[in-house]
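Worksheet for the structure shown next.
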Protein chains: 2
Amino acid sequence: MPNTTLKSHHHGNLREALISSGIELLEEGGVTALTLRKCAARAGVSHAAPAHHFEGLQGLIRAITNRGMSMFATAMQDKIDAADNSPFPRLYAMCEGYLSFFIEHQALSNLMFNQKSELMTKSTKGRSTNTAFNILVSTCAPFKHGPLGPQATEYAVWSLIQGFSHLSVMGQISCEPNRLQVNFSDLLSMLNLQVAQ
Amino acid sequence: MPNTTLKSHHHGNLREALISSGIELLEEGGVTALTLRKCAARAGVSHAAPAHHFEGLQGLIRAITNRGMSMFATAMQDKIDAADNSPFPRLYAMCEGYLSFFIEHQALSNLMFNQKSELMTKSTKGRSTNTAFNILVSTCAPFKHGPLGPQATEYAVWSLIQGFSHLSVMGQISCEPNRLQVNFSDLLSMLNLQVAQ
DNA sequence: TTTCTATCTTTACACTGTCAAGTTTGGTCA
DNA sequence: TGACCAAACTTGACAGTGTAAAGATAGAAA
């Protein structure tokens, strides 16, 4: 019978603990606070222990990115599930989840979307459902597509919400004294989207 | 008479030299290669010399960001000036300059747009012309605006090109085997923009 | 019991940002 | 002219960092 309170030489679940510690450090102190040694200390192991579970700091960052993408997909799906079951409300809900995640997890989302590897795109390969990219694709599917097919719709929505979220978090987009404040829904409605049929 | 070849205790123009060295390091080795000590070495001074010109590494990064924003504005303006003098060609040209800058200066643009401070937004204050934000505003001005005024147009275009550029550089948006490749102009044309009057 | 292997620790090293103190330089002022 | 001074730069030091190598431990396997 496993006893987690017993102090053992083996941690038992160090890999996941290190990822959790890393995300905690990210949320508390930003990207500069994310350190292999601090993760190790927070998980209660020596500073060199992480090397046996990740390929250096970059490996930990990749693992954190994967965990973050899972959180990200869940955040969007939850918003979609809570919305009316029709194309436009679902699309708005997805974007709301996208933006909310960026705002609530600034350092994490920043880390995730500054990785060159896979991220959303490659997730279509494994046929694993509920990934962020699949959510985007299925949410855009009900709309009328132009001659370029659904990809143009997906990329337009994705670019728009990605840019808006990023610029919002970075403090570039904000309300100014003499101008009305613009919500994302205002921008989304500028896209020429129409429900198919 | 100033002699720049004479080896002197005073560098003469160390601040600008450090910024240039920093940008070089960025382009050569990415953000991890940007180091105060390496900048100092490349500029031919001791490792602690930069401290007299910038408030630490963050200060150097801010200075590099400012220089980068100037390059960025120039890149966009050059494309605009080379385009036909009518609203749509100018808008496309601006976006082409935006995307090109991201592709040609990946690490630099990444650094710039991950700064929370000022950047484009605040540049309207100083009334300094030709800043990136002013270019965006004036390029969007000829188009018909909705009830929210020009800000909605500006933010829609900005979010779209920012998101597309970012996702392109990060390798998220690309051509896939069974799908047509989508250019940014395809996405931009999905915005409901019409020339005023 | 003995052995083995994954897991973690210890030790060491090069590199980083930053601080404090010392040194040089070019100009200023009496 | 000559003393002085402030800015510019150097030197030396220190705590953190990632990473590699070698050692120690424990749990399972034989």
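For clarity, every value in this text was computed on a predicted model and none was experimentally measured. In the text below, chain A, chain B and the rest are named by the order of the sequence lines, each starting its count at 1.
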Checklist outcome for this item: When rounded to whole Å, the NE2 to C1' distance for the pair A:His53 and C:dA6 reads 9 Å
Next on the checklist: Would you call the rings of A:Phe164 and A:Phe184 parallel, tilted or perpendicular, taking 30° and 60° as the class edges?
Outcome noted: tilted
Item to check | Distance, rounded to the nearest Å, where A:Leu25 contributes CG and D:dG16 contributes P | outcome: 15 Å
Item to check | NZ/NE/NH1/NH2 to OD/OE distance under 4.0 Å, B:Lys38 and B:Glu24 | outcome: no
Checklist entry - Hey, is the side chain of B:His47 poking within less than 4.0 Å of OP1 or OP2 on D:dC9, counting only N and O atoms? => result no
Checklist outcome for this item: Here the distance between atom P of C:dG17 and atom NE2 of B:His52, to the nearest Å, is 15 Å
Checklist entry - Between D:dA8 atom C1' and B:Asn13 atom CG, what is the distance in whole Å? => result 13 Å
Item to check | Note, B:Ile61 side chain near B:Gln58 side chain (heavy atom, < 4.5 Å) | outcome: yes
Checklist entry - To the nearest angstrom, how far is B:Leu36 atom CG from C:dG17 atom P? => result 5 Å
Checklist entry - Around A:Glu55, counting heavy atoms of other residues, nucleotides and ligands shown, do more than 12 lie under 6.0 Å from its CD? => result no
Item to check | Most 5' of B:Arg37 and A:Ser46 on DNA chain C, judged by nearest nucleotide | outcome: A:Ser46
Item to check | Spacing of A:Leu57 atom CG relative to D:dG16 atom C1', expressed in whole Å | outcome: 14 Å
Item to check | Interatomic distance, B:Phe54 CZ vs D:dA8 C1' [rounded to whole Å] | outcome: 14 Å
Item to check | Atom-pair distance (CG on B:Leu34; P on C:dC15), nearest Å | outcome: 17 Å
Checklist outcome for this item: 5'-most contact on DNA chain D (nearest-nucleotide basis), A:Ala51 vs B:Leu14, goes to B:Leu14
Next on the checklist: For D:dT17 and A:Lys38 - does any side-chain N or O of the residue sit under 4.0 Å from the phosphate oxygens OP1/OP2?
Outcome noted: yes
